[in-house]
Amino acid sequence: MTITSNEQLTVTLGSSGVTPEDVVAVARHDAKVTVSQEALDNVAKVRAHIDSLATSDVPAYGISTGFGALANRHIPNDLRTQLQKSLIRSHAAGMGPAVEREVVRGIMFLRAKTLASGRTGVRPVVLQTMVDVLNAGITPLVREFGSLGCSGDLAPLSHCALVLMGEGEATGPDGELYGVAGKPPVAELLAQHGIEPVTLAEKEGLALVNGTEGMLGMLLMAIADIRMLLATADVTAALSVEALLGTDQVFLPELHAALRPHPGQAASADNMLRVLSNSPIVASHRINDTKVQDAYSLRCAPQVAGAVRDTVDHAALVASRELAAAIDNPVVLPDGRVTSNGNFHGAPVAYVLDFLAIAIADLSSIAERRTDRMLDPARSHGLPAFLAADPGVDSGLMIAQYTQAGLVSDNKRLAVPASVDSIPSSAMQEDHVSMGWHAARKLRKAVENLRRVLAVELVTSARAIDMRTQMSDGELTPGPAGAAVLEVLREVVQGPGTDRFLSPELEAADRLVGSGAVRAAAESAVGILA
């Protein structure tokens with residue numbers, strides 16, 4: 001449960017019950033994490049059972065044996081601490097640039113959630129130390145490559161676990177690096193915050209690394225980002241329809257839910273109809289319009305955007321199931337059995353990560369087609385070439401569309417599924433993997449690209465509408481929603497005029513889209529958008 005106060009968000013971990021909002025609060029907004037006494041008591045109870053197995057003469061996987069392809073070796077008591085250290089050190093083998101701070105915080109919080117479930121067999125001190133590291137604002141340095149999305153996100157989680165041991169690499173709350181060449185060790189960073197490094201006992205190393213937390217955390221944050229962008233995509237599409245003298249009649253409710261009951265399509269059509277309501281531009285060509293039908297990029301906008309909405313809903317369902325999971329191998333069952341399993345396989349998460357990347361690529365593509373249409377005098381219904389003040393002397397938004405096209409092309413490449421690939425590892429013990437981590441990494445990039453694509457469409461449609469108004473001596477004006485959006489945009493992006501340095505304006509529009517201000521402006525004029 002997340003509790004909101006005037007000072008700070010706080011998330012309390014119990015044995016179950018974490019929400020997507022909790023994950024985002026901790027990962028992005030530095031919410032404090034506490035562990036309920038009930039969860040700590042349950043963790044301690046299960047650990048006592050693990051301790052009894054550790055002293056037994058009967059080998060137990062991950063407790064008194066090696067791991068993976070080395071599981072057949074029985075490990076004597078005097079080597080078990082070294083076994084745990086060796087596991088984490090050797091598995092922290094990532095390479096490449098550091099991943100984003102919010103991703104690492106999401107990983108750690110989700111793994112703490114799993115530890116709190118009582119199904120992993122760790123001691124309470126391991127769980128509490130992970131929570132203390134989060135609350136101190138310490139961020140382990142996790143590198144881009146190292147997870148195959150099976151047997152858990154092994155390398156990313158190992159880099160996090162290494163910091164709990166006072167080793168590895170990390171940044172403090174001030175962004176200073178520790179553990180790298182020429183810098184103080186991570187143990188010193190922990191000491192600054194009163195945190196004692198953990199000496200891992202039987203099974204605890206494995207419990208810290210055997211989950212899907214990396215790909216799941218990125219999925220949850222991507223869903224939050226895409227949901228925020230969806231209504232904005234409907235707004236920019238509607239403004240493009242307005243700018244291109246398109247009809248609003250194709251968005252009437254009787255043409256959607258009643259005839260084709262996809263809920264996302266109906267929601268997007270309703271949004272677009274609201275944004276176009278009471279528009280003098282739209283009303284000006286309802287009678288004697290020679291166009292029989294609008295182009296697909298206008299007419300079919302709700303069908304495409306709506307399909308993205310429904311895809312996000314499906315992904316959210318899968319994410320909710322994974323969020324309710326307690327993934328470890330072996331796992332401690334309620335009856336005390338410690339049982340090997342394959343729940344660490346990332347296939348369910350990997351598939352929807354790839355599915356979202358496909359949907360986002362298509363949403364980006366249709367937005368770019370509308371932008372291109374507004375810049376082409378052969379198809380823009382009276383607008384000047386490239387929306388330039390003096391075509392030929394000025395280039396207008398010509399290269400803005402190039403930038404947008406490059407982003408769309410990138411999204412098409414990012415839509416190639418990662419989950420169809422598998423590279424066997426661990427001496428063929430792990431012979432089929434999900435590549436879910438890679439699916440998540442490329443989805444994050446695709447979401448960024450979509451946001452920028454929508455920013456370019458926003459700048460283009462706004463300039464086109466302003467030009468319609470200027471060319472009609474003020475008669476053809478946007479509807480209330482369009483006017484509200486243009487007012488917000490014009491605070492950071494100038495209106496039509498001679499050519500100027502364009503990049504800062506596009507970046508400002510990108511920030512506006514990312515902030516949710518475009519959706520908020522439309523809502524202020526026409527009511528809540530779906």
Side-chain angles (χ1 to χ4, degrees), residues 1-2 11-27 39 42 103 105-120 147-154 156-157 207 209-227 230 262-264 307-334 339-360 417-420 432-444 447:
M1 162 182 277
T2 302
V11 176
T12 299
L13 283 174
S15 296
S16 61
V18 170
T19 69
E21 292 76 18
D22 291 333
V23 178
V24 173
V26 174
N42 188 37
V103 171
R105 288 184 61 81
I107 291 172
M108 294 183 69
F109 174 67
L110 285 167
R111 199 58 196 164
K113 179 271 301 182
T114 298
L115 300 181
S117 72
R119 302 273 66 86
T120 68
S147 174
L148 301 182
C150 200
S151 289
D153 288 313
L154 286 174
L157 283 161
V209 303
N210 223 329
T212 58
E213 282 76 12
M215 63 186 93
L216 175 59
M218 287 187 277
L219 172 61
L220 290 167
M221 286 186 278
I223 289 171
D225 291 339
I226 298 167
R227 286 198 191 282
L230 282 171
H262 293 291
V308 179
R309 287 174 177 272
D310 293 341
T311 301
V312 173
D313 286 344
H314 172 63
L317 174 62
V318 173
S320 71
R321 291 169 176 165
E322 193 74 0
L323 195 56
I327 294 173
D328 197 9
N329 180 49
V331 68
V332 185
L333 296 175
T339 305
S340 181
N341 64 88
N343 286 337
F344 48 72
H345 200 288
V349 181
Y351 293 165
V352 293
L353 287 162
D354 280 336
F355 196 0
L356 286 174
I358 292 169
I360 284 174
S419 58
V420 299
H432 185 81
V433 296
S434 78
M435 293 297 179
W437 171 272
H438 293 267
R441 296 305 296 163
K442 67 187 183 64
L443 177 61
R444 286 178 65 83
V447 174

Nearest-0.5 Å distance, [atom1] of residue [X] to [atom2] of residue [Y]:
{"X": "R105", "Y": "M221", "atom1": "CZ", "atom2": "CE", "value": "10.5 Å"}
{"X": "F355", "Y": "T311", "atom1": "CZ", "atom2": "OG1", "value": "4.0 Å"}
{"X": "M435", "Y": "D354", "atom1": "CE", "atom2": "CG", "value": "11.5 Å"}
{"X": "I327", "Y": "S117", "atom1": "CD1", "atom2": "OG", "value": "10.0 Å"}
{"X": "L110", "Y": "M215", "atom1": "CG", "atom2": "CE", "value": "11.5 Å"}

For F344, does the CZ atom sit with more than 12 other heavy atoms under 6.0 Å from it, leaving out its own atoms?
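Result for CZ/F344: enclosed.
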For a quick test of reading the model, state the closest non-hydrogen atom pair linking [X] to [Y] and the distance between them.
{"X": "A222", "Y": "L443", "value": "CB-CD2, 3.6 Å"}
{"X": "L219", "Y": "A319", "value": "CD2-CB, 3.7 Å"}
{"X": "N210", "Y": "N329", "value": "ND2-O, 3.2 Å"}
{"X": "A439", "Y": "L353", "value": "CB-CB, 3.7 Å"}
{"X": "G346", "Y": "T212", "value": "CA-CG2, 4.2 Å"}
{"X": "C150", "Y": "H345", "value": "SG-CD2, 3.1 Å"}

Is [X] reaching over with its side chain to a backbone N or O of [Y], donor-acceptor style, under 3.5 angstrom?
{"X": "H438", "Y": "S419", "value": "no"}
{"X": "K113", "Y": "A325", "value": "yes"}
{"X": "R111", "Y": "A207", "value": "yes"}

Can you confirm whether [X] sits close enough to [Y] that some side-chain heavy atom of one is under 4.5 Å from a side-chain heavy atom of the other?
{"X": "H262", "Y": "R309", "value": "no"}
{"X": "R119", "Y": "P334", "value": "yes"}
{"X": "H432", "Y": "L148", "value": "no"}
{"X": "R444", "Y": "V103", "value": "yes"}
{"X": "I223", "Y": "P20", "value": "no"}
{"X": "L356", "Y": "I226", "value": "yes"}
{"X": "E213", "Y": "F109", "value": "no"}
{"X": "V23", "Y": "L323", "value": "yes"}

Could you go through D313 and R227, starting from their C-alpha distance and side-chain angles, then the distance that decides it, and tell me whether this counts as side-chain contact (heavy atoms from CB on, under 4.5 Å)?
CA-CA 9 Å; D313 286 344; R227 286 198 191 282; 2.9 Å; yes
Assess the residue pair E21 and V11 against the criterion (side-chain contact (heavy atoms from CB on, under 4.5 Å)); give the C-alpha distance rounded to whole Å, side-chain angles, the decisive distance to 0.1 Å, and a yes or no.
CA-CA 10 Å; E21 292 76 18; V11 176; over 6 Å; no
